[in-house]
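We use all heavy atoms of the structure for the numbers below, so side chains are in, but hydrogens, waters and symmetry mates are not. Numbers here simply count residues along the sequence, with the first being 1. Just so you know, ligand 1 is whichever comes first in the structure, and atom 1 is the first atom listed for that ligand. Just so you know, these numbers come straight off a predicted model, no measurement behind them.
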Amino acid sequence: MGADHIGLLTRRAMLSASAGAALLGFVRPSLSQASQSHRIAVARGQAPLTGPRRPATDVWAYDGVVPGPTLRVRQGEPVSIVVDNGLEEDTTVHWHGIRLPIGMDGVPGISQAPIRPGEKFVYEFTPPDAGTFWYHPHANTLEQLGRGLAGALIVEERSPVPVDRELVWTIMDWRLRPDGQIARGFGNMMEAAMSGRIGNTVTINGVVPTVEPVRAGERVRIRLINAALARIMALRFEGHHPVVVAIDGQPCDPHVPKHGRLLLGPAMRIDIVLDMQGEPSRRYEVIDDFDEELKYSLVELAYDAAPPMRMHPSEAPLRLPRNPLPTPDLKAAELRELVLQGGMMGMRGMGGMARMGRAAWAINSTSMTGDGHAGMPPLATLELGRSYVLRLRNDTAWWHPMHLHGHSFRVLSRNGAPVPHNQWADTVLVAPKETVDVAFVADNPGDWMLHCHVTDHQTAGLMATLRIEGAGSETR
Ligand code: C2O
Ligand code: CU
Ligand code: CU
C-alpha cells in the first residue's frame, strides 16, 4: 500500500470521526498527533517534582523530562524509536503491554544485549493494539525506574470514543529526602520482603499536583498510568462516576467500578471517561484510599466558573473498538498453576530470611532475581498457538500485580467467581491468598518474562520466564 493511499484512508477516517463528533455536540474533535518515528535520549537530568519554589530533584530522564515524552503512534503502522544511552550504566527500554517480537521486548540478556553507555538501539515494531501503554527500563529496573525513567506510550484508535478532551496522567511515586533529593537505599531486602519501596511523594506528569482544571458539563477521557515502583492505588473521584472503558490498553465493557474505586497496581493502566457533573467553581478531591490509614488526596478537580457546556451528560457511546486479540479456546486450554510464594510472614519453604540471599520470593519454588538470568531454564514451555489458563495462586500475605510480557490475557475469575465486563490485561493484581485465572493464546514465540511489577518483588525473586515455541522446533 502506498503512502498516499494510507494518507487518504487516514484523512477520510478522521473526517468521518470529526463529523460524528460534531453531530454529538463535542467541541473539539481529537486530531491525531501521532508520529511513527521517535528518538529518545536517556541521561541524568533535573526535574521540578515539588514545584517551582522548591529545589529541583536530580533524576534520570528520557529526553530530560519526567515522565519521558508521551509517545503517540498509530495502530497497525510500523514504529521506530532510537534510544541513545547517555547514562553511565547499561539500560534497555521495555514497551510495556505492546505485543511485539521478542527481539524488541527490552529484557537484557534474554531478548537483547543491553544498550551500553554511549551506545544506541533502534526499537522497531508494529503495535497491533490501540490503547494506553507505557515504557520503562528493564535493566537495574529498581533504580532506573525509581529515579524517573518512565513514559506514556499511546497507540491511537482509528476511531476513538468522542470526548471533549483527553488527559494522560502518568502517576509516579518518589521517596524524597527533606532537601528534595531521592533517598538512597534501593534494594533493601527487608522492604523487598514486604510491600516494596513505597515513597512519600506522588506526582502526576512529573509534579506534585494541586488542581486539574475542568469545565462543567465536559466529557473527558483520562488515561491513568501507575508508573510507581511499588505503590498500589485505589482512586475515588469524589462526586463523580468514572466509567472504565479500557484496562491495560484493552477495551472492556464500559462499566462503573465497584464502590467507584479504581484499583491500580504498579504498571496497570485504566482508561476512564468522566462526565464533569460537578458545580461550576467547586472543587472535588481525587482520593487514593488503597491503604485506609495512609489515605491522601491526590489532586482536586477544579471547576471554572463557566456555566455547564451541556445540561445532560452526552449519550455518545463509550465502547472502544476491539483490538485484534486472539480468543483463547477455553475448552482446549491447558491449565498451568503458578504459586506465588515467600515474603515476610510466608518464608517457610523459602529457607528463612537468613538463608534467602537475594531472593525473598518464588514462583513454584524457583526464584529469578535481579534483571533476570539468561541461562536460567524457563518455568514452563508452552506450545506456540495453543491456549493456556494460568492459575495464579497467591500463597503470600502481600499483593502482587503479576505481569506477562508479549501478550494480553483475558481475566477469567477470582477465587472461582467469574470476572465481569470482558476484562483483558497484561498486569493483573492478585490480592493476598487470592487465586486468579487468566487465559491467553501463546501466539508469540520467545522467552517471555512473567513477574510481579512491585519492582522490589520482581528483583527479589518473583520473576520467571515462559518459553513459547513451535511444536516442530528443537528442544534444548
Ligand atoms: Cu513493565 Cu517486565 O515489565
Ligand atoms: Cu511488560
Ligand atoms: Cu509482588
Side-chain angles (χ1 to χ4, degrees), residues 67 92-100 102 104-112 123 125 127 129 131-142 144-146 149-153 170 172 191-198 225-232 248-249 265-269 338-346 359-363 367-372 392-409 425-434 436 444 446-466:
T92 59
V93 180
H94 172 59
W95 313 94
H96 183 117
I98 304 277
R99 298 188 294 131
L100 41 59
I102 185 73
M104 296 293 136
D105 196 45
V107 179
I110 291 180
S111 55
Q112 71 170 101
Y123 290 94
F125 53 86
D129 305 322
T132 304
F133 301 93
W134 68 297
Y135 60 100
H136 64 79
H138 227 286
N140 188 15
T141 314
L142 194 48
Q144 293 191 11
L145 178 58
L149 292 173
L153 171 59
T170 303
M172 298 172 82
E191 218 162 54
M194 305 203 286
S195 52
R197 183 179 161 112
I198 292 175
I225 302 173
N226 182 343
L229 283 180
R231 184 186 287 276
I232 303 170
D248 288 356
M268 294 167 59
R269 292 87 64 212
L338 303 172
V339 185
L340 317 181
Q341 301 153 316
M344 203 56 85
M345 301 179 291
W361 306 91
I363 305 177
S367 307
M368 187 186 270
T369 56
D371 297 304
L392 301 161
R393 188 153 71 73
N394 185 357
D395 242 358
T396 80
W398 306 88
W399 292 76
H400 304 292
M402 295 302 297
H403 171 50
L404 174 63
H405 284 211
H407 299 77
S408 285
F409 44 74
D426 55 57
T427 308
V428 66
L429 192 57
V430 187
K433 305 296 173 192
E434 190 180 36
V436 178
N444 200 353
D447 284 359
W448 300 102
M449 285 270 156
L450 171 86
H451 63 82
C452 176
H453 225 291
V454 168
T455 319
D456 307 82
H457 294 181
Q458 169 192 353
T459 58
L462 210 47
M463 174 162 56
T465 55
L466 299 182

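Taking the N/O/S atoms of His453 in turn, the shortest distance to atom 1 (Cu) of ligand 1 belongs to NE2. Residue-level check: among N/O/S atoms of His96, ND1 sits closest to atom 1 (Cu) of ligand 1.
At least one side-chain heavy atom of Ile363 sits less than 4.5 Å from a side-chain heavy atom of Met402.
With respect to Asp426, the side chain to side chain donor-acceptor pair (under 3.5 Å) criterion is satisfied by exactly one of Arg99, His407, Arg269: Arg269. None of His405, His136, His94, His138 except one satisfies the ring pair (Phe, Tyr, Trp, His ring centres under 6.0 Å) rule with His453; the exception is His136.
Within the coordination shell of atom 2 (Cu) of ligand 1, defined by N, O or S atoms under 2.8 Å, His451 is present. Distances from atom 1 (Cu) of ligand 1 show that His403 has no N/O/S atom below 2.8 Å.
A pairwise comparison of heavy atoms in Tyr123 and Val93 identifies OH-N, 2.9 Å as the closest pair.
An angle of 100° is found at atom 2 (Cu) of ligand 1 between His138 atom NE2 and His405 atom NE2, rounded to 10°. Here the Cu ion (ligand 2) is the vertex; the NE2 atom in His403 and the NE2 atom in His94 give an angle of 170° (to 10°).
Taking the centre of each ring, Trp361 and His400 come in below the 6.0 Å mark.
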